Amino acid sequence: MSDLWNNTIGYMKKASKALNLDEEILDALLKCKRVLEFQIPLRMDDGKVRYFTGYRVVHNDALGVSGDGTRIVAGLTADEVKGLALVMSIKHAANGIPAGGAKGGIDADPTLLSEGEFERLVRGYVRGLFPRGAKVDVPGADINTSAKTQAWMLDEYEQITGIHSPGAVNDKPRILGGSLGGEDATGRGMYHLTLKICEEQDWAPEDVKVAIQGFGNVGSHYAKYLQSAGFKVVAVSDIKGGVFNPDGINIEDLLKYSRMTGSVVSFPDARQITNEEILLCDCDILAPSAVEDVITLRNAGDIKAKIIIEGANGPITPQADDVLYSRGIVVVPDVVANAGSAIVCHFERSQCATDNYWDLETVQAKLENQIIKSYVSMKNTAKELHISFRTAAWVNALKAIVKAMKLRGLL
Ligand code: NAD
């Protein structure tokens, strides 16, 4: 069993206890509707054929079409994909998205493949998937997949079916039916949550110090939006290390520097810190936006931030989560905090279904409206049941899924 699967079971159990759900219902919620594992034969450039394992898991689709990303990483396992699919069911339901949870991927290291081999692998994945289409299960992008791979996936799907179906694949380029506002949706969603929380705390942006671990898609867009609103981004890190300046770092300059040098490390006008130190630095808001399991029992007691916004999936272990809750540190959990891209993926499906594409302002306004609604609903549940934001988000999600399953006669 992977940690991810065990952690998700733990959160599921906590939420089902808060909801007084029967054991049988919990058992049903822990089952995945469909687990597909298949072999992808890939003709390599040297003429030999190698086999790669592909996965697609649909955890639950009681609320609607299942969807979410496809990751291509070495060592990917069925358990990991199952855990990720379950979290997507929760993420969709906690954010009022009428969609079920799925995840897929290939156990492969793309850096060891040529561009041609990579394209053939992605297309082979779609053939092995028995693609089910816009009304059933919609694969999107995730680690090592992007608009480019999604364009190949869509093309392969349409070659198989002979039917134009832009809604069959998510995260594709705009010209093939993708949505505007998808690229930075996660960072933008976090920014709206940050503004909302600061408003509630009566904190003026210029007085708020934010530390961000991870300066990739999520962290860099979040940082950019924060700076534009006057927040002080005091610390930023990437895989190589971090930088700290108590007076605030100029994010535009840091972006230019990291594009030029490949890292934020040694950015002038800031002190060097490690990835362990950034989590413990002097800040009001901490946004772990890189990888999972960085806040553990080892460091949870020393965190100085008053608010943690989980940009990454699962950056806090369940045990550390309990410590933070007991210390009164507010954690906005991943299933709401980083739901921006899942929300815009839903917008993408809506636009494809009607063949009517929205302008950027419309996408952004709808994103803000949806993520704030999810936050308020989570907060109200937390207050009502005296539980953490995380458990409250899972409670809201389970309520919706269980209701849909009962109405369908599945419980
Ligand atoms: P990315 O690959 O664009 O960026 C990751 C960043 O984290 C990079 O700056 C990298 O250097 C840094 N990093 C990698 N390993 C690290 C380590 N061990 N310690 C410290 N820093 C490290 O990825 P991303 O799209 O920004 O995603 C980041 C996290 O957010 C992941 O957990 C991802 O699953 C989650 N997430 C992303 C999105 C999205 O829309 N991109 C949506 C939801 C959740």
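In this text the structure is predicted, and so the values were computed from the model without any measurement. Computed over heavy atoms, backbone and side chain alike; hydrogens, waters and symmetry mates excluded.
Using a 4.0 Å cut-off between charged side-chain N and carboxylate O, Asp284 and Lys209 make no salt bridge. The existence of a salt bridge linking Glu115 and Lys148 is confirmed by a sub-4.0 Å separation between a basic side-chain nitrogen and an acidic carboxylate oxygen. Classification of Lys232 and Asp207 as a salt-bridged pair fails, no side-chain N sitting under 4.0 Å from a carboxylate O. Classification of Glu80 and Arg71 as a salt-bridged pair holds, one side-chain N sitting under 4.0 Å from a carboxylate O. The residues Asp137 and Lys33 are annotated as not salt-bridged, no charged nitrogen and carboxylate oxygen being separated by less than 4.0 angstrom.
Shown here are the side chain to side chain contact (heavy atoms under 4.5 Å, CB included) partners of Ser289, two or more places apart in sequence or in another chain: Met190, Ile212, Val218, Ala287. Every residue two or more places apart in sequence or in another chain that forms a ring pair (Phe, Tyr, Trp, His ring centres under 6.0 Å) with Tyr375 is listed here: Phe389.
A cation-pi geometry, defined here as NZ or CZ lying under 6.0 Å from the six-membered ring centre and within 45° of its normal, holds between Lys366 and Trp358.
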Discussion item. Please evaluate residues Ile97 and Ile343 with respect to the criterion side chain to side chain contact (heavy atoms under 4.5 Å, CB included), reporting the C-alpha separation (whole Å), side-chain torsions for both, the decisive distance (0.1 Å), and the verdict.
Written reply: CA-CA 7 Å; Ile97 300 170; Ile343 291 170; 3.8 Å; yes
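Looking only at atom types and distance, the side chain of Asp142 has no donor-acceptor partner in the side chain of Thr145 under 3.5 Å away. Side-chain atoms of Asp61 and Ser66 form no donor-acceptor pair, as typed in the model, at a separation below 3.5 Å. Looking at Tyr325 and Thr391, their side chains never bring a donor and an acceptor atom within 3.5 Å of each other. No side-chain donor-acceptor contact under 3.5 Å links Asn60 and Ser89. Residues Asn275 and Gln213 have side chains that bring a donor and an acceptor to within less than 3.5 angstrom of each other.
Residues Leu129 and Pro139 approach most closely at CD2-CG, 4.2 Å, considering heavy atoms.
With hydrogens and angles disregarded, no donor-acceptor distance shorter than 3.5 Å links the side chain of Asp334 to the backbone of Pro315. Between the Glu310 side chain and the Val331 main chain, no donor and acceptor come within less than 3.5 Å of each other.
Test Phe267, Tyr257, Phe215 against Val243 for side-chain contact (heavy atoms from CB on, under 4.5 Å) and you get one pass: Phe267.
Applying the 6.0 Å contact sphere to CG of Leu112 captures more than 12 heavy atoms from other residues, nucleotides or ligands.
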